[in-house]
Colleague: 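Quick one: this structure, given as structure tokens, is what I'll be asking you about.
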Protein chains: 4
Amino acid sequence: MPKISDKKREDRRQQILEAALACFSADGFHQTGMADIVKRSGLSHGAVYLYFQSKDDLIEALADDRHRREAILNSVAQGSGDPIEGLHALVRVYAQWLTDPMGEARRRVGIHGWAEALRNRRVRTSVVEGIDLPRALIVALVERGQHDGLIKRDIGADAISRVLIAIFQGFVLQKCWGEDFDVAACMATVTTVINGFRTTTADMKRRTRT
Amino acid sequence: MPKISDKKREDRRQQILEAALACFSADGFHQTGMADIVKRSGLSHGAVYLYFQSKDDLIEALADDRHRREAILNSVAQGSGDPIEGLHALVRVYAQWLTDPMGEARRRVGIHGWAEALRNRRVRTSVVEGIDLPRALIVALVERGQHDGLIKRDIGADAISRVLIAIFQGFVLQKCWGEDFDVAACMATVTTVINGFRTTTADMKRRTRT
Amino acid sequence: MPKISDKKREDRRQQILEAALACFSADGFHQTGMADIVKRSGLSHGAVYLYFQSKDDLIEALADDRHRREAILNSVAQGSGDPIEGLHALVRVYAQWLTDPMGEARRRVGIHGWAEALRNRRVRTSVVEGIDLPRALIVALVERGQHDGLIKRDIGADAISRVLIAIFQGFVLQKCWGEDFDVAACMATVTTVINGFRTTTADMKRRTRT
Amino acid sequence: MPKISDKKREDRRQQILEAALACFSADGFHQTGMADIVKRSGLSHGAVYLYFQSKDDLIEALADDRHRREAILNSVAQGSGDPIEGLHALVRVYAQWLTDPMGEARRRVGIHGWAEALRNRRVRTSVVEGIDLPRALIVALVERGQHDGLIKRDIGADAISRVLIAIFQGFVLQKCWGEDFDVAACMATVTTVINGFRTTTADMKRRTRT
DNA sequence: TATGAATGAGGTTTCATTCAT
DNA sequence: AATGAATGAAACCTCATTCAT
């Protein structure tokens, strides 16, 4: 029985996923043919189907892949003491991710995934869970900040997390569409936005009164 | 003379566009077959091709349609005196648009269009021009606000506009994916974000010192 | 009842036939769409179908048209006394027809008709009858020539007629394919061919012996 | 290793070409649907497109095929010493080809190709090159004959070749249209025609005088 | 009579997937 | 395990013809 080693098996899998990523990035899921992926992977049709049951399977595997990578991204941003500083750290991590030229393909496929999530339940689950991770992280930070009196208490932690995530989603779109997206300037503005959530002296006075 | 009246002609066009919108919203551009659109429109294959040269033409027509509608949306938000109030007005208009249940299909198709924009130049042009409209509007408001000393001068007007637009793009995504997106709460937070751009007393002091 | 005059009716018919001729000449019968003919004729779809029942009907009408024109062509060549001179006259008439720049379209459509004759009985009948006319004419001339002792008696009149007709068919093909077909030189050679059918002194001696 | 053997591959190709030949012979290029060819070949749609990129490709492959076969035909007729005998040999070869019942389909497709050559450049090139082969052969023979004083010098070798080729083209047409085409009698007449190009005693006297 | 919008069967081609080797 | 030839449903689009006006 010509069973290959687990390592080789995993290598082949990655080889196929990389080919798929490149193709999907260039043409989208539905304009990419299996033949394109097969050619780019250097394997055969049959081989690809040994590792993935179908094209949808491949799409979902990439969605999961992204899911896993973002989990790591988030973990990197954890562990700082000051909640506000934690938010800034998260921003820096995502800014980094947004700028990485190697990640361009992944960002583009991500956008295709956002559209695909509208009609493919598995993909949607993966995407939604993917954003639930940073959301929970942000919520935790904000709630701690509110508890410590550092962040305004009249806005929901959940809403803040959704706004911050939305900003990054929009940045991905705008960056992938055009070349003139100034990441640094936009990031600086995000910093301002976060600082805007800080408790001001006015808030304190108001609170005292209440 | 059976030459159809202009009104009837335009009605038929809308009839087809609506069918296409519904289909594209449900299945995306590439999973929707012309047969689906034909069936839903109640017309025949040939009739559809009498009004649109190809499926791509249909996609582009919808992109243009969206473009045109957003232009109206923006114009609605213009004309207020106070720049900050102008931004809030704009937010209200888009919040309205985001909440409108009739617009669900259009929002979903919009997302598919964002993905399509990555590989279809015509669609990308339409999308990019579509966001250039509100961007220019926001930039104008912010610059006026900065000139009047109402808005912080240390952040770029362009970056602010991109952040606000990104927020809305992210909101569209999050709203279309899940049912638990709290539009009101998020909008309130956007209000806070905008207020965060206001000049603070601290800013003034700093400026004086400089 | 808005019945139009016979003359107007005939004019319209010709208008359509001319449009069809131009289209068929350029693109062949099956690559030409009714829409092309309609556009070129300046009439409407409905109008064309008032004059011709179908596209095939149009093709057949053009075949018949050609049939009729060739009948005239042949009649022109009749009536000379000397049979050999009659053949030369016929050659001159066809040479003329082959050279006429206005007839280019008709020659091209003729070729398309030859192919169509293989699968359309009506067209084949028309084509075959069309060549039967000059064939009968040539056969009559040759038989008279043979009777008068001017033309060799050991070759069939029918075969001679088929050879002469074949020569013209081939000329039409070669002329329509390329620009370097030298009509004058080829015609001169046909003259030689015809003279080759003349009885020689050798023939006469042989005959005397028999 | 399921990579098909070269022989099997070539067999399949021929299988498809034969099916196409039969269909095109019966219905012409444009009335034949790919479905007809697919059905007749016994393969599937996809398989046919594995061997030929498009219907046009199939048409051109048949044109090239014919080109190649005629080249062989011509080579067979070469090599005789006496130029006049060479012409007669050529006539015999073509007479053979014209009579072969297996070649009926090929002759019919050939006619369709003549029409197609009017609007398809690739086909025209193939057709024109196809007749250039025997033309060059005939020209060479005739020029040798003229040099040796066996053939009249007052007619162009090129014109003679065109006449002989035209005769065969016409024969193909007439044979494919009707059942009553007497190949033997017509061929005998061609022999007479060729002999008519021989130098006569009259020619010699005239030449002497000059 | 005349119009041209509408029909819908049928055209060519693609492509995710399978399976004999 | 691996190959790639083969499948056939389904994709997009065209076009000869009809018919309400």
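Naming convention: chains lettered A, B, ... in sequence-line order (proteins, then strands); numbering from 1 in each chain. Here the structure is a predicted model, which means the values were calculated and not measured.
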Colleague: Given that Tyr49(A) and Tyr49(D) both sit by DNA chain E, which one's nearest nucleotide is further toward the 5' end?
Modeller: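 The residue mapped nearer the 5' terminus is Tyr49(D).
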
Colleague: Donor-acceptor pair, distance only, cut-off 3.5 Å: does the side chain of Trp114(A) make one with the backbone of Val127(A)?
Modeller: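 Judged by distance alone, no pair lies under 3.5 Å.
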
Colleague: How close or far is atom C1' of dC12(F) from atom NE2 of His30(B), stated in whole angstroms?
Modeller: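 Atom NE2 in His30(B) sits about 13 Å away from atom C1' in dC12(F).
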
Colleague: How many whole angstroms separate atom NZ of Lys8(D) from atom P of dA20(E)?
Modeller: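 Taking atom P of dA20(E) as the reference, NZ of Lys8(D) is at 13 Å.
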
Colleague: Side-chain contact, heavy-atom cut-off 4.5 Å: His30(C) with Glu116(C)?
Modeller: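 In contact.
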
Colleague: Provide, to the nearest angstrom, the distance between the CZ atom belonging to Phe29(D) and the P atom belonging to dT12(E).
Modeller: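 Atom-to-atom, Phe29(D) to dT12(E), this comes out as 14 Å.
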
Colleague: Counting only heavy atoms and a strict 4.0 angstrom limit, can you tell me which residues of residues 50-61 of chain C come near DNA chain F?
Modeller: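 Output list: Ser54(C), Lys55(C).
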
Colleague: Tell me: CD of Glu10(D) to C1' of dA5(F), nearest whole Å?
Modeller: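 So the CD-C1' distance, Glu10(D) to dA5(F), works out to 16 Å.
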
Colleague: Is Glu10(A) atom CD crowded by more than 12 heavy atoms from other residues, nucleotides or ligands, each under 6.0 Å away?
Modeller: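 Result for CD/Glu10(A): enclosed.
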
Colleague: What is the distance from CG of Asp11(C) to C1' of dT1(E), rounded to the nearest Å?
Modeller: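 After rounding, the reported distance stands at 16 Å.
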
Colleague: Identify the heavy atoms of Leu43(D) and Arg12(D) that sit nearest to each other, and give their distance.
Modeller: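 It is CD1-CD, 3.8 Å.
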
Colleague: Once rounded to the nearest 0.5 Å, what's the spacing between atom OG of Ser44(C) and atom NZ of Lys3(B)?
Modeller: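 Taking OG in Ser44(C) and NZ in Lys3(B), the distance rounds to 11.5 Å.
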
Colleague: Take atom CZ of Arg9(B) and atom C1' of dG4(E), then tell me their distance rounded to the nearest Å.
Modeller: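 That distance rounds to 11 Å.
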
Colleague: Is the backbone N or O of Leu118(C) less than 3.5 Å from a side-chain atom of Arg108(D), with the two atoms forming a donor-acceptor pair by type?
Modeller: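 Between the backbone of Leu118(C) and the side chain of Arg108(D) there is a qualifying donor-acceptor contact (under 3.5 Å).
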
Colleague: Just the rounded figure in Å: distance from C1' of dA1(F) to CZ of Arg13(A).
Modeller: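 Result: 17 Å.
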
Colleague: Checking Thr125(B) side chain against Arg121(B) main chain: does a donor-acceptor pair fall under 3.5 Å?
Modeller: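 Pair found, side chain donor or acceptor close to backbone of Arg121(B).
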
Colleague: Can you check whether Leu58(A) reaches Leu17(A) side chain to side chain, under 4.5 Å on heavy atoms?
Modeller: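 Touching, per the 4.5 Å side-chain cut-off.
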
Colleague: Could you tell me the separation between the NZ atom of Lys3(D) and the P atom of dA2(F), rounded to a whole number of Å?
Modeller: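 Taking NZ of Lys3(D) and P of dA2(F), I get 17 Å after rounding.
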
Colleague: Hey, can you tell me if Phe29(D) and Phe24(D) have their rings parallel, tilted or perpendicular (30° and 60° cut-offs)?
Modeller: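 Perpendicular.
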
Colleague: Expected output is a numbered-order residue list: members of residues 33-48 of chain D with a heavy atom under 4.0 Å from any atom of DNA chain E. What is it?
Modeller: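 Those residues are Gly33(D), Met34(D), His45(D), Gly46(D).
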
Colleague: So do the side chains of Asp11(A) and Lys7(A) get within less than 4.5 Å of each other, counting heavy atoms only?
Modeller: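 SC-SC contact between Asp11(A) and Lys7(A) confirmed.
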
Colleague: Does any part of the side chain of Glu18(D), heavy atoms only, come nearer than 4.5 Å to the side chain of Arg40(D), both counted from C-beta?
Modeller: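 No, too far: nothing below the 4.5 Å cut-off.
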
Colleague: Among the nucleotides dA16(F), dT12(E), dA2(F), which one has an atom lying closest to any side-chain atom of Arg12(A)?
Modeller: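 Within the option list, the nearest is dA2(F).
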
Colleague: Based on Watson-Crick and G-U pairs with both distances under 3.5 Å, what dot-bracket line describes DNA chain F 5' to 3', crossing pairs as [ ] and inter-strand pairs as |?
Modeller: .||||||||||||||||||||

